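The next block holds one structure in the form of structure tokens; read it before the comments.
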Protein chains: 2
Amino acid sequence: MARTTGSDGERTEAAVREAAVNLIARYGYEAMSMRRLAAEVGVQAAALYRYFPTKEDLLFTLMREHMEGLREAWEHVRPTDADPAEQLAAYVRNHIAFHIERRHATHVSNMELRSLSPDRLTQILKQRTAYEKELRAILREGADTGSFSIEDTGLTAMALIQMMTGVIVWFRPGERLSVPEVTATYLSMTMRLVGARMDTYSAARPLDAQRTL
Amino acid sequence: MARTTGSDGERTEAAVREAAVNLIARYGYEAMSMRRLAAEVGVQAAALYRYFPTKEDLLFTLMREHMEGLREAWEHVRPTDADPAEQLAAYVRNHIAFHIERRHATHVSNMELRSLSPDRLTQILKQRTAYEKELRAILREGADTGSFSIEDTGLTAMALIQMMTGVIVWFRPGERLSVPEVTATYLSMTMRLVGARMDTYSAARPLDAQRTL
DNA sequence: GAATTAATTGAACGTTCGTTTTATTATCGT
DNA sequence: ACGATAATAAAACGAACGTTCAATTAATTC
């Protein structure tokens with residue numbers, strides 16, 4: 001009835017995070033009790049409070065780190081000195097790959113925002129807005145240089161993000177379509193949606209571009 | 001401490017539904033307590049159980065009727081003997097109009113599915129699938145007749161629905177864009193996304209189609 | 001090997017939850 | 001006017017919730 005043999009703070013905290021993401025994604029934040037989470041980890045509920053002072057702190061940590069991860073992933077693959085079509089393609093590829101890879105965490109970050117306190121909600125939304133702003137910048141540059149035909153940059157950015165993020169709702173690994181297939185199709189849908197001129201885009205990805213029209 | 005003057009079952013039930021939709025949309029199903037709901041209606045919690053045997057019955061009723069409403073709205077505006085582009089345009093217009101008009105109810109139907117029991121979840125998903133099937137049929141016909149250029153009908157249908165439904169996340173009435181403006185933009189994005197041939201579509205909506213390319 | 005620190009247990013606290021029961025009053029048909 | 005029924009209030013139920021606290025043991029340090 002105390003410290004267990006082989007117990008390790010770092011390992012326990014990691015297990016808590018992973019179990020929490022899965023449980024919240026499956027049942028929702030409110031529906032996940034601390035006792036249930038503890039049971040999943042193989043620990044008593046009180047032990048969770050060694051790592052996260054409150055349940056909301058746990059949720060906030062998961063969300064913040066997920067948003068930071070998204071941002072970092074994009075910074076890492078972001079092309080420098082590329083034309084708008086190439087930049088847009090990179091954005092789409094990264095977004096879809098990241099969201100499929102971290103389906104559960106994305107679910108949490110998108111669906112449980114209302115369980116955050118106002119100031120923490122603001123923080124997460126700020127991160128999200130910053131990420132979306134990058135897409136708007138790409139779209140605007142493409143529209144300005146004539147690479148894209150776009151009516152409303154902000155609206156198009158929202159539409160694209162909703163469309164891409166929606167992948168996590170229906171995509172299941174190992175079913176009809178593979179990740180590269182899904183990505184390729186979304187890429188060509190995106191390029192058509194923004195009215196990308198083919199000569200620009202086909203230079204980067206000849207095969208996909210052919211099928212785009 | 002009993003029946004109040006002017007009380008009316010029908011009016012109370014309607015008030016319960018409306019308050020429930022708003023509260024669940026704002027705070028989530030789990031976070032909405034029956035006491036809070038009752039207070040919003042101006043009644044004691046026990047009175048709610050005259051109209052809905054359990055909290056989940058209330059949720060299920062809201063969802064089922066929302067899905068029925070969506071289906072009915074589409075049946076009502078669905079064009080007969082129209083080419084695929086016109087049908088798709090009607091689908092998009094109806095979907096966006098319906099979802100903007102009933103933002104809160106849509107939020108509930110999309111976000112609270114996991115609070116349903118398995119068989120009720122199945123029922124709602126069946127309704128949703130039936131509605132989405134209509135879009136797939138339109139896309140397939142358009143692809144077969146050469147009106148559209150589509151790689152994957154199922155995937156395109158999902159992408160379009162996610163894109164359109166996403167409107168409720170950011171759209172606020174009375175802000176920068178009006179409903180007709182949003183609808184027009186989404187319509188042209190949709191037509192480009194499915195690679196609609198302009199001569200077909202421009203016959204129905206000349207102005208939008210011009211701007212599409 | 002003793003002292004210190006890290007990790008966890010088990011029990012308990014007060015609160016809130018969905019729901020039930022019983023009593024009470026308004027409304028309506030006759 | 002009266003009996004039937006519809007609509008609600010008030011109080012209570014047990015269960016579950018997030019969280020705290022004291023006790024206890026494993027690991028680490030010196």
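Letters go in sequence order (proteins before strands), and every chain restarts at 1. Computed from a prediction, not measured in an experiment: that's the story for all the values here.
One can place CD of A/Gln44 at 22 Å from P of C/dA6, the figure rounded to the nearest angstrom. In this structure, the OH atom of B/Tyr29 is 13 Å from the P atom of C/dC17, given to the nearest Å. Atoms CZ (A/Phe52) and P (C/dT8) sit 13 Å apart, rounded to a whole Å. Taking atom CZ of B/Arg36 as the reference point, atom P of C/dT19 lies 18 Å away to the nearest angstrom. The NZ-C1' distance, from A/Lys55 to D/dC17, rounds to 8 Å in whole Å. As rounded to whole Å, 10 Å separates atom P of D/dT19 from atom CG of A/Leu58. Taking atom CD of residue A/Glu30 and atom P of nucleotide D/dC17, one finds them 12 Å apart after rounding to whole Å. Atom CZ in B/Arg50 sits roughly 12 Å away from atom C1' in C/dA26 (whole-Å rounding).
For A/Thr122 and A/Asp119, the side-chain atoms include no donor-acceptor pair closer than 3.5 Å.
Using modelled atom types, one side-chain atom of B/Glu56 and one backbone atom of B/Ser117 make a donor-acceptor pair closer than 3.5 Å.
When distances run from any side-chain atom of B/Tyr51 to the nucleotides D/dG18, D/dA7, C/dG18, the shortest one goes to D/dA7. Closest contact between the side chain of B/Ala45 and the listed nucleotides D/dT8, C/dT9, C/dT19 involves C/dT19.
Nearest heavy atoms, A/Glu40 versus A/Ala19: CG-CB, 4.1 Å. Closest approach of A/Phe98 to A/Ala73, counting heavy atoms only: CD1-CB, 3.9 Å. Summarising the geometry of B/Ala25 relative to A/Arg114, their closest heavy-atom pair is O-NH1, 3.3 Å, with the distance given to 0.1 Å.
Put simply, A/Thr12 has no side-chain N or O that comes within less than 4.0 Å of OP1 or OP2 on C/dA7. Remark: A/Ser33 is in phosphate contact with D/dC17, judged by side-chain N or O atoms under 4.0 Å from OP1 or OP2. At D/dG18, none of the side-chain N or O atoms of A/Thr54 fall inside 4.0 Å of OP1 or OP2 (strictly under the cut-off).
A parallel orientation is assigned to the rings of B/Tyr91 and B/Tyr131, their planes being inclined by less than 30° (bins at 30° and 60°). Taking the six-membered ring where tryptophan is involved, the planes of B/Tyr186 and B/Trp170 are essentially parallel, since the angle between them stays under 30° and well short of 60°.
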What does the list of N/O pairs under 3.5 Å between the protein and nucleotides 11-14 of chain D look like, with a distance for each?
from   : atom 1 : to      : atom 2 : distance (Å)
D/dA12 : N6     : B/Arg35 : NH2    : 3.4

